[in-house]
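Presented below is the structure to which this report refers.
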Amino acid sequence: MTAQDIPQTDRTDRNRVERYDPTGIEPRWQQRWDELGLYRTDLHDTSRRKFYLLTMYPYPSGDIHIGHWYIKTPTDAIARFHRMHGENVFLPIGFDAFGLPAENAAIKKNINPRDWTMGNIDNMRRQLRMMGATFDWDAEVVTANPDYYRWNQWFFLQFLKAGLAYRATSAVDWCPNDGTLAREQVEGADRHCWRCGAKVEKRDLAQWYLRVTNYADELLDFSGLDWPEAIKTQQTNWIGRSEGGEIVFETAPSGFHPGGAELRVFTTRPDTLFGATFMVLAPEHPLVAELTAPDRFKEVNAYVAQAANRTEIDRLSTDREKTGVALGTDAINPINDERIPIFVADYVLGGYGTGAIMAVPAHDERDYAFANKYGLPIRRVVAGEAARDEVGELDSAYIAHSANDRLVNSGPYRGLPADEGGKAIITALEAIGKGKPSVTFRLRDWLISRQRYWGTPIPVIYCERDGIVPVPDEDLPVRLPDTVDYRGSGENPLNRDEAFLSVECPVCGGPARRETDTMDTFIDSSWYWYRYLSPEKAGAPIDRELVESWTPVDQYTGGSEHAVMHLLYAREFTKMMRDVGLIDQDEPFKRLFNQGQILGLDGERMSKSRGNVVDPDDLVARYGADTVRLFLMFMGPWDQGGPWSPTGIGGVHRFLNRLWTIAVDPHGREPGDPESGTLPAGVDEAAARLQIRQAAHRTLKGVTADYEVFHFNTMIAKLMELANLLMRFRGSVVAGSAEWDEAVRLSLLMLAPAAPHITEELWSRRLAAGGKEWSSIHTETWPAVDESTIVEATREVPVQVNGKLRDRLVVPADIDPAALEAAALASERIRTVLAGRAPLKVIRAGGGRLVNIVVRDEG
RNA sequence: GCCGAAGUGGCGGAAUGGCAGACGCGGCGGUCUCAAACACCGCUGAGGGCAACCUCGUAUGGGUUCGAAUCCCAUCUUCGGCACCA
């Protein structure tokens, strides 16, 4: 058929056909899905394979912004894809409803934090529904509700009983807004609060901790977890396991002290023990006062006091000058009985290792700097091959460690390889009770007390007679009082709420006071995915049977900013729940995916204060939710994120328009295209039909693979290619053929997870046109690839000479190697390039996918 | 400083040992329209040539290979994490 054959009257008036109007379609289908309860998961259905898909629940700050869409809509596509594979998918949603912003708003606007939070949640529910996402709202969890937070309290009491929760007084990190902070929640060299950015101070306070360091070794084991390497590395570094030895030094007797006090040090380099020329205690070390000579008391006290205040002032830089003060007491090196002076210096940290070090200035940069400043001896004790015999005692340089170093200046250990020598030294010390192999971690116990109102009250009572008394289980929950009196200050209003504070001691019945600190809100997010499975369970935190059948979570999606906070706490909490007998699993999330972050137009993190937040409502109003969803998936790889730029959204919208046109108006002509309605030159009807069928199935194969690995951008690109091909054939003899129809059907099914509304609309029209009863496209089964159609009769083979592309041959698909080689050498173009040179070698790569002819290069 | 990720057209990106730049944006040209919008069609890495084509080209320098954006070594840059951890 040619252009002349088509009567001009057939030319379509574009306005005759109904156009794609997402604003009309989308709310209608959302309502329909809701009414049908399409996404309510029957948790007790064991006939199908379960798939627990979890996405990080949002903090109800008030608005869903484009960043939320970037996490949630591809997650929804994953859920729909799995449903189409017959799995019983559970995709719950909830709100991380406790936290400081609610209190700030309350103080500023004089509204109750609960009212503020619940109002925001209402708005966010509405916005989340606009995505057309398949959340199971029946399972919703709101952590600020007493039926949730009472279980935080109950867990705490279980942990207390098991010795996993404890109270201790020490110097803690304290944020003027958030109250005390866990170690992970202090960020940067300037030590600011993770949430509000305020500078963190040190305070001596009695606080509640969870003993997560019990799990340090276990947390390093990621076997069986499909997590991004970057997160595993970050957690591993955070946990910071160091292997070495503990060595006991004793103090030498002096005029004011009998000596014999034990000073334990941790070192990763026991091989350098002979190079220890002094010793350093942290300012917080308990023996500082005892070991200070009377004539040095004043100076040492001043230094310790100044160190305590220093934290917020100038701990800014790692290259800050080292300072310290001598105590006036010596320690005795257990390996050679040498006397070395003891210093106090703030470059040694109280909370790490034993809070004391042996200083080896020749082999440690910090010790070297300190020794240099105070004129202390420097003795080199390990050396490489060349330097070994020339090493003097007082070599003044710091020498980095290298693999084949050997010990020098080390008495009987001289000549041993460093690693071996270190082990030998520890063994020798162990024999005399002065040392042992030892492992130290950087990880600290989790400080969970916060001096805030809007959180879970810690269920403890302080009685003058009975001390710390846990609230009895039957008195849970300890409710937050609803009326809050801030008096314009940021101070915890619970501190002056007599009705809350004053309580009878559960033991003696006498007057007692309640704990007014509340829990870190990261407690809330440490078990919410278990609660999703048991939302109505009143008598227990979790439905154990459902938890065992549905968890661990199959796939977790969310940002990587919580690498060493939420994602680490969740693992720790799971292990604690296991150890008090609540669950029977070691890890919460089998597979983790971190999507990238969408930045503002200015390349900065989106935030209200920067004024660079992109509001999806406007985009949805203009293009529809499907376009916004697709555009976010099409922008680039999901794990990459990047600055927001709306310039490409029109292209995605045009694609949906084309799909609409192909589906509702296959026979229409494009008046703007003179070739419209004709087949391309050299393509007959049979070839066109075959081409369509092959393209559809090849696309299906690629799209299926892309969904499986979350490559949504290339998935959409492939569907665009297919749509472009169909568009080329629109109005021609093959439009509306069986092959065309199959290609449209497959396109809709393939796109259904990503763009659920337009595909549902077009699907329902197909069913109606075929006189069939309506059923949702989202209950369809994912189509199967017909491999036989993908096999082509001929294929194109690139031919290279010396690795440079010189020709492309079209050959029968099943051509044998010899014939392919002959065909390549026979090519006119190749013969010209060869110019008579004989091939040295002919390489047929990838089963004949490519031919490379190797010849001697001329010149 | 240490740890991790990444550098490809004007832009977002594709290709992870075999045809670099799929798909999309932007740009240029065109069709449709009274016109505009919408839509559709074609071209679009750089340089050379009337052309068929040729040369160069994936941060930089080297290497491995018949063949490298892809693997190895070194360097530079950007982004993320850590912050004196003995």
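Source: prediction; values computed, not measured.
- The same atom, P, is picked in B:G27 and in B:A37; the two are 13 Å apart, to the nearest Å.
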Each base of RNA chain B marked ( ) or [ ] if paired in-strand (Watson-Crick or G-U under 3.5 Å), | if paired to another strand and . if unpaired gives (((((((..(((.....[....)))((((((.......))))))((((....))))..(((((..]....))))))))))))....
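- The nucleotide whose nearest atom lies closest to any side-chain atom of A:Arg806 is, among B:C54, B:G18, B:G12, B:C54.
- The side chain of A:Val854 approaches B:C66 more closely than any other nucleotide in the set B:C66, B:G18, B:G13.
- Here, B:G10 and B:A22 have their P atoms 14 Å apart, quoted to the whole Å.
- In the set B:C66, B:A86, B:C41, the nucleotide with an atom closest to the side chain of A:Lys841 is B:C66.
- The side chain of A:Phe634 has B:G24 as its nearest neighbour among B:A14, B:G24, B:C40.
- B:C32 atom P lies 11 Å from atom CD of A:Glu670, rounded to whole Å.
- Pairs engaging residues 635-661 of chain A under the salt bridge (Lys or Arg N to Asp or Glu O under 4.0 Å) rule: none recorded [sequence neighbours left out].
- Listed candidates were B:G26, B:A83, B:G18. Nearest to the side chain of A:Arg442 is B:A83.
- Distances shorter than 4.0 Å separate none of the side-chain N or O atoms of A:Thr661 from OP1 or OP2 on B:A39.
- For the pair A:Gln234 CD and B:A5 P, the interatomic distance rounds to 11 Å; values are reported in whole Å.
- Centroid-to-centroid, the aromatic rings of A:Tyr347 and A:Phe370 come within less than 6.0 Å.
- Of the candidates B:A15, B:A86, B:U55, B:U55 carries the atom nearest the A:Lys804 side chain, counting heavy atoms from C-beta on.
- Distance check on atom P: B:A39 versus B:C25 gives 10 Å, rounded to whole Å.
- Proximity note for A:Thr267 (side chain, C-beta onward) versus B:G67, B:A86, B:C3: the nearest is B:A86.
- Note that A:Arg442 lies in the cation-pi zone of A:Trp238, set by a 6.0 Å cut-off to the ring centre and a 45° limit from the axis.
- A:Val799 comes within 4.0 angstrom of nothing in the nucleic acid, heavy atoms only.
- Not one N or O on the side chain of A:Thr213 forms a donor-acceptor pair closer than 3.5 Å with the backbone of A:Asp445.
- In this structure, the CG atom of A:Leu599 is 14 Å from the C1' atom of B:G12, given to the nearest Å.
- Taking the six-membered ring where the residue is Trp, the centroids of A:Trp644 and A:Phe631 are separated by under 6.0 Å.
- Interatomic distance, A:Ile425 CD1 to A:Leu273 CG, rounded to the nearest 0.5 Å: 5.5 Å.
- Rounded to a whole Å, the CE atom of A:Met720 is 15 Å from the P atom of B:G13.
- Aromatic pair A:His653/A:Tyr20: centroids less than 6.0 angstrom apart.
- Counting only distance, with no hydrogens or angles, the side chain of A:Trp638 and the backbone of A:Tyr70 share a donor-acceptor pair below 3.5 Å.
- Taking atom C1' on both B:C50 and B:A14, the two are 35 Å apart, rounded to the nearest angstrom.
- Taking every side-chain heavy atom of A:Met727 into account, B:C41 is the closest of B:C41, B:A14, B:G24.
- A donor-acceptor distance shorter than 3.5 angstrom exists from the side chain of A:Ser827 to the backbone of A:Ile830, with no hydrogens or angles considered.
- Among the protein residues, A:Asn852 comes within range of the nucleic acid bases, having at least one heavy atom under 4.0 Å from a base atom.
- Spacing of C1' atoms, B:G18 relative to B:U31, comes out at 41 Å, to the nearest Å.
- Separation of the P atoms belonging to B:G24 and B:A15 is 16 Å when rounded to the nearest angstrom.
- B:G9 has its base syn relative to the sugar, with a glycosidic angle deviating from 0 by at most 90°.
- The separation between A:Asp271 atom CG and B:A86 atom P is 14 Å, rounded to whole Å.
- Remark: the A:Lys322 side chain and the B:C84 base include a donor-acceptor N/O pair separated by less than 3.5 Å.
- Judged by distance alone, the side chain of A:Glu201 and the main-chain N or O of A:Cys175 form no donor-acceptor pair under 3.5 Å.
- What separates CD of A:Gln640 from P of B:A6 is a distance of 10 Å, to the nearest Å.
- Judged purely by atom type and a 3.5 angstrom limit, A:Arg730 uses its side chain to pair as donor or acceptor with the backbone of A:Asp665.
- Here the side chain of A:Thr714 is nearest to one of B:A83, B:A14, B:A86, namely B:A14.
- Using a 4.0 Å heavy-atom distance criterion, A:Asn657 is classed as making no nucleic acid contact.
- Looking at which nucleotide of RNA chain B each of A:Arg658 and A:Asn724 is closest to, the 5′-most match is held by A:Asn724.
- Of the candidate nucleotides B:C25, B:C3, B:A83, B:C3 has the atom lying nearest to any side-chain atom of A:Thr233.
- A distance of about 43 Å separates the C1' atoms of B:G30 and B:C79, rounded to the whole Å.
- A sub-4.0 Å separation between OP1 or OP2 of B:A86 and a side-chain N or O of A:Tyr347 is absent.
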For each nucleotide in nucleotides 42-47 of chain B, reading 5' to 3', give B when a protein heavy atom comes within less than 4.0 Å of its base, S when such contact involves only the sugar-phosphate, and - otherwise.
-> ------
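- Here the C1' atom of nucleotide B:G4 and the NZ atom of A:Lys232 are 14 Å apart, to the nearest Å.
- Side-chain nitrogen and oxygen atoms of A:Arg730 include none within less than 4.0 Å of the OP1 or OP2 phosphate oxygen of B:C40.
- Per the geometry, CD belonging to A:Glu365 stands 9 Å off P belonging to B:C2, to the nearest Å.
- Closest-nucleotide positions on RNA chain B for A:Arg241 and A:Leu850 were compared, and the one nearer the 5' end corresponds to A:Leu850.
- Remark: the A:Thr23 side chain and the A:Asp21 side chain contain an N/O donor-acceptor pair separated by less than 3.5 Å.
- The existence of a salt bridge linking A:Lys718 and A:Glu721 is excluded, since no basic side-chain nitrogen approaches an acidic carboxylate oxygen closer than 4.0 Å.
- Between B:U8 and B:C71, the two P atoms lie 15 Å apart (nearest whole Å).
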